[in-house]
Amino acid sequence: MTHTFHAGAFITEAGDSIPDVTVAYQTWGSPEARRRAASGENVVLVCHALTGDADAAAWWPGLVGPGRIIDPERHLVLCANALGSCYGTTGPGTLDASGRRLGSRFPRISVRDMARLHARLLDHLGIGRVALAAGGSMGGMQALELALETDAVDRLLLIGMGAEHAPWQIGISEAQRLSIRADRLWRGGDFAPEAPPEAGLAAARAMAMMLYRSPALYAERFGRRPQASGAASDGAAPFQVQSYLRYQGDKLAHRFDAGSYVALTHAMDSYDIARDRAPEALEALTAEALCVGISSDLLYPPEASCDLAARLPHGLYAELDSAFGHDAFLIDFEALDALVRPFLHDTGFLP
Ligand SMILES: CC(=O)SCCNC(=O)CCNC(=O)[C@H](O)C(C)(C)COP(=O)(O)OP(=O)(O)OC[C@H]1O[C@@H](n2cnc3c(N)ncnc32)[C@H](O)[C@@H]1OP(=O)(O)O
Ligand SMILES: N[C@@H](CCO)C(=O)O
C-alpha cells in the first residue's frame with residue numbers, strides 16, 4: 001500500500017525552494033517487525049533506480065519478500081519514490097493548483113537532496129536508525145548519500161554504481177537528454193498532462209537499454225535473425241534488437257515522465273560523494289558497506305564499485321558475475337543473493 005507524506009517546503013542543495021513536497025512511500029513488515037522497528041535494529045530502507053518506484057516488492061522480488069534477505073517477517077522495510085521522480089513524489093510532472101505540470105519550474109536537484117528528503121521521511125516516521133540501506137545504480141547513490149548525510153545507517157548494500165558520475169556516465173546522460181530536448185524543441189516547450197508519450201524519451205530509453213544490458217546477452221537473445229514481420233525505417237526487415245529497443249522505448253515513454261528523466265539524470269550527473277565534503281567526512285562514515293560490481297556492466301564498470309569500496313572506511317568489494325549487464329541487479333537475483341548473504345551474516349544483519 002502506498003502512503004503519502006506531506007513534507008512541506010524543501011530547500012535544495014542549490015538553495016531553491018520546492019513548496020509542498022509530497023512523498024509517496026511504501027512499507028512492509030509483520031506486526032512483530034513493526035514493534036521492533038522503534039529500536040531501528042531491523043529497519044531496511046530500499047532506494048530505487050532511475051525509473052523505479054516505491055513498490056520495492058514488485059521490482060526487487062528476489063531480494064524483498066518472505067524468506068528473502070530483506071524479509072518483512074523480520075524487518076520493517078521502507079521504500080520511497082525519489083524526489084524528482086513521477087510515481088507519487090514531487091517532480092517536474094507534478095500538477096500545480098491550476099492543473100499545469102511544474103515542468104521547468106521544478107528546480108535542479110541532487111542525489112543528496114533525494115537523501116535529505118528520505119531523512120525527513122525517516123524522522124517523520126520516528127525512525128532513528130537504519131539497519132540496512134540498499135539500492136542499485138541511483139538507488140545505491142541515494143543510500144550512500146543518506147549514510148553520509150545522517151550517519152544513521154549501519155549497513156549499506158551498493159550495487160552497480162561508483163563514488164561519482166564520471167565523464168562516461170555524464171556523457172551517456174547528456175546524449176539521452178539531447179534526444180528529449182530535440183523532441184521538445186520540435187513540439188514546443190513543456191507539455192500538458194494529456195500530451196502523448198514523448199518520442200524523445202523513447203529514443204533516450206533505447207539508448208539506455210544498450211548500456212543496461214550486454215553485447216553477449218543481445219547476441220544470445222537477438223542474433224542476426226531479421227524480424228519476421230514489419231519493416232524497419234529503411235524498409236529492410238528489422239532485426240529483433242531493433243524492435244526490442246523500439247518496444248522498450250515506447251514502454252518507458254508510456255509510464256515515465258520525460259521531465260523526471262531529465263531531472264534525475266542531471267541529479268546523478270552531480271553525484272560525487274567527495275563533492276563539498278571534507279575528507280574527514282568520508283573517513284567518519286561508520287556504516288559497513290558492500291559494494292557490488294557487475295562483471296558485464298557497461299554503464300558503471302565493476303572498477304567503479306571496486307574504487308568506491310576502497311574509498312569507504314568500511315568498504316568491501318564483491319563482483320556479481322552476470323551476463324545481464326547493469327540491470328543484473330534487477331534480474332539475476334539468485335546470484336546476487338548468494339553474493340550478498342555472507343556480508344549480511346558477517347555484519348549481524350542476518351542470523
Ligand atoms: C514495471 C517497472 O519496472 S516500474 C517500477 C519499477 N521499475 C524499476 O525499478 C525499473 C527497473 N526495471 C526494469 O528496468 C525492467 O523491468 C527490468 C530490467 C527489471 C526487466 O526488463 P524487462 O523489459 O521487463 O525485460 P526484458 O528486457 O527481458 O524485455 C522483455 C520485454 O520485451 C519484449 N520483447 C522481447 N524481445 C522483443 C522484440 N524483439 N521486439 C519487441 N519486444 C520484445 C517482451 O515481450 C517483454 O515485453 P513485456 O515487458 O511487455 O513483458
Ligand atoms: N533499468 C533500470 C536501472 C537503471 O539504472 C531503470 O530503468 O531504473
Side-chain angles (χ1 to χ4, degrees), residues 2 24-26 46-64 79-82 84-89 111 114 134-143 158-162 165 168-169 172-173 176 201-202 204-214 217-232 237-258 260-261 263-265 267-269 271 292-294 296-301 304-305 322-333 336:
T2 299
Y25 68 97
Q26 295 198 25
V46 177
C47 300
H48 66 71
L50 174 61
T51 73
D53 60 14
D55 194 355
W59 52 261
W60 236 11
L63 272 70
V64 178
C79 182
N81 184 219
S85 180
C86 55
Y87 287 116
T89 293
V111 174
M114 299 176 201
S137 197
M138 188 182 88
M141 297 174 203
Q142 295 168 66
L158 309 173
I159 311 168
M161 34 77 73
H165 249 213
W168 175 246
Q169 290 91 24
I172 288 163
S173 294
Q176 294 176 60
L201 176 58
R205 182 67 164 186
M207 198 183 308
M209 293 307 289
M210 297 310 292
L211 281 301
Y212 290 158
R213 302 292 196 278
S214 70
L217 187 71
Y218 276 25
E220 177 201 323
R221 284 181 59 175
F222 302 118
R224 289 193 57 77
R225 294 183 305 282
Q227 178 94 339
S229 61
F239 291 107
Q240 293 282 359
V241 66
Q242 290 166 297
S243 62
Y244 171 76
L245 293 178
R246 289 164 192 260
Y247 176 81
Q248 288 291 347
D250 290 343
K251 184 173 157 185
L252 186 79
H254 278 84
R255 74 169 174 89
F256 207 76
D257 178 86
S260 286
Y261 202 91
L264 297 178
T265 54
M268 288 196 284
D269 286 352
Y271 166 73
V292 177
I294 299 165
S296 56
D297 192 334
L298 299 178
L299 179 56
Y300 299 94
S305 296
S322 173
F324 285 101
H326 175 67
D327 273 352
F329 75 94
L330 294 163
I331 302 170
D332 219 341
F333 294 124
L336 191 54

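Ligands are counted one by one from 1 in listed order, and the atoms in each one are counted from 1 as well.
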For ligand 1, does [X] get within less than 4.0 Å through its side chain, its backbone, both, or neither, judged by non-hydrogen atoms?
| X | result |
| --- | --- |
| Gln242 | neither |
| Thr51 | both |
| Arg255 | side chain |
| Arg246 | neither |

Suppose I only count heavy atoms of [X] and a 4.0 Å limit; which atoms of ligand 1 are within that range?
| X | answer |
| --- | --- |
| Arg221 | 26 (P), 27 (O), 28 (O), 29 (O), 35 (C) |
| Gln240 | 38 (C), 39 (N) |
| Arg205 | 14 (O) |

Under 4.0 angstrom from [atom], is there any protein heavy atom?
| atom | value |
| --- | --- |
| atom 5 (C) of ligand 1 | yes |
| atom 40 (N) of ligand 1 | yes |
| atom 51 (O) of ligand 1 | no |
| atom 15 (C) of ligand 1 | no |

Considering only heavy atoms from C-beta outward, does the side chain of [X] approach that of [Y] to under 4.5 Å?
| X | Y | result |
| --- | --- | --- |
| Tyr212 | Ser137 | no |
| Tyr87 | Arg255 | yes |
| His165 | Met141 | yes |
| Asp332 | Ile294 | no |

Which atoms form the tightest heavy-atom contact between [X] and [Y], and what is the distance?
| X | Y | value |
| --- | --- | --- |
| Met209 | Leu245 | CB-CD2, 3.7 Å |
| Leu50 | Phe256 | O-CZ, 3.4 Å |
| Thr51 | Tyr261 | CG2-CE1, 4.4 Å |
| Phe329 | Ala49 | CZ-CB, 3.9 Å |
| Gln142 | Ala82 | OE1-CB, 3.7 Å |
| Gly162 | Tyr271 | O-OH, 2.7 Å |

Among all protein non-hydrogen atoms, which one is nearest to [atom], and what is the separation to 0.1 Å?
| atom | result |
| --- | --- |
| atom 43 (C) of ligand 1 | Tyr244 CD1, 3.9 Å |
| atom 12 (N) of ligand 1 | Leu330 CD1, 3.9 Å |
| atom 38 (C) of ligand 1 | Ser243 OG, 3.4 Å |
| atom 8 (C) of ligand 1 | Gly52 CA, 3.5 Å |
| atom 18 (C) of ligand 1 | Asp327 OD2, 3.4 Å |

### Message
Using 30° and 60° as the class boundaries, would you call the ring planes of Tyr300 and His326 parallel, tilted or perpendicular?
### Response
tilted
### Query
Has Met138 got any heavy atom lying under 4.0 angstrom from an atom of ligand 1?
no
### Task
Report the member of Lys251, Arg213, Met209, Gln248 with the shortest heavy-atom distance to atom 21 (O) of ligand 1.
Arg213
## Note on the structure
A student comparing Phe329, Phe324, Tyr247, Trp59 should find that the heavy atom closest to atom 33 (C) of ligand 1 comes from Tyr247
### Task
Evaluate the criterion side chain to side chain donor-acceptor pair (under 3.5 Å) for residue pair His48 and Asn81; output intermediate values, then yes/no.
CA-CA 7 Å; His48 66 71; Asn81 184 219; 3.0 Å; yes
### Task
Assess whether side-chain contact (heavy atoms from CB on, under 4.5 Å) is satisfied between Lys251 and Arg205, documenting all intermediate values.
CA-CA 9 Å; Lys251 184 173 157 185; Arg205 182 67 164 186; over 6 Å; no
### Task
Go through the steps for Ile159 and Leu336 under the test side-chain contact (heavy atoms from CB on, under 4.5 Å), then give the verdict.
CA-CA 10 Å; Ile159 311 168; Leu336 191 54; 4.0 Å; yes
Distances only, to 0.1 Å: what are the N or O pairs between ligand 2 and the protein that fall under 3.5 Å?
unit_1: ligand 2; atom_1: 1 (N); unit_2: Asp327; atom_2: OD1; d: 2.9
unit_1: ligand 2; atom_1: 1 (N); unit_2: Asp327; atom_2: OD2; d: 3.1
unit_1: ligand 2; atom_1: 5 (O); unit_2: Ser137; atom_2: OG; d: 2.8
unit_1: ligand 2; atom_1: 5 (O); unit_2: His326; atom_2: NE2; d: 2.8
unit_1: ligand 2; atom_1: 7 (O); unit_2: Thr51; atom_2: OG1; d: 2.7
unit_1: ligand 2; atom_1: 7 (O); unit_2: Arg205; atom_2: NH1; d: 2.8
unit_1: ligand 2; atom_1: 7 (O); unit_2: Arg205; atom_2: NH2; d: 3.3
unit_1: ligand 2; atom_1: 8 (O); unit_2: Leu50; atom_2: N; d: 3.4
unit_1: ligand 2; atom_1: 8 (O); unit_2: Thr51; atom_2: N; d: 2.9
unit_1: ligand 2; atom_1: 8 (O); unit_2: Thr51; atom_2: OG1; d: 3.2

### Query
How long is the span from the CZ atom in Arg213 to the CZ atom in Arg221, to the nearest 0.5 Å?
6.5 Å
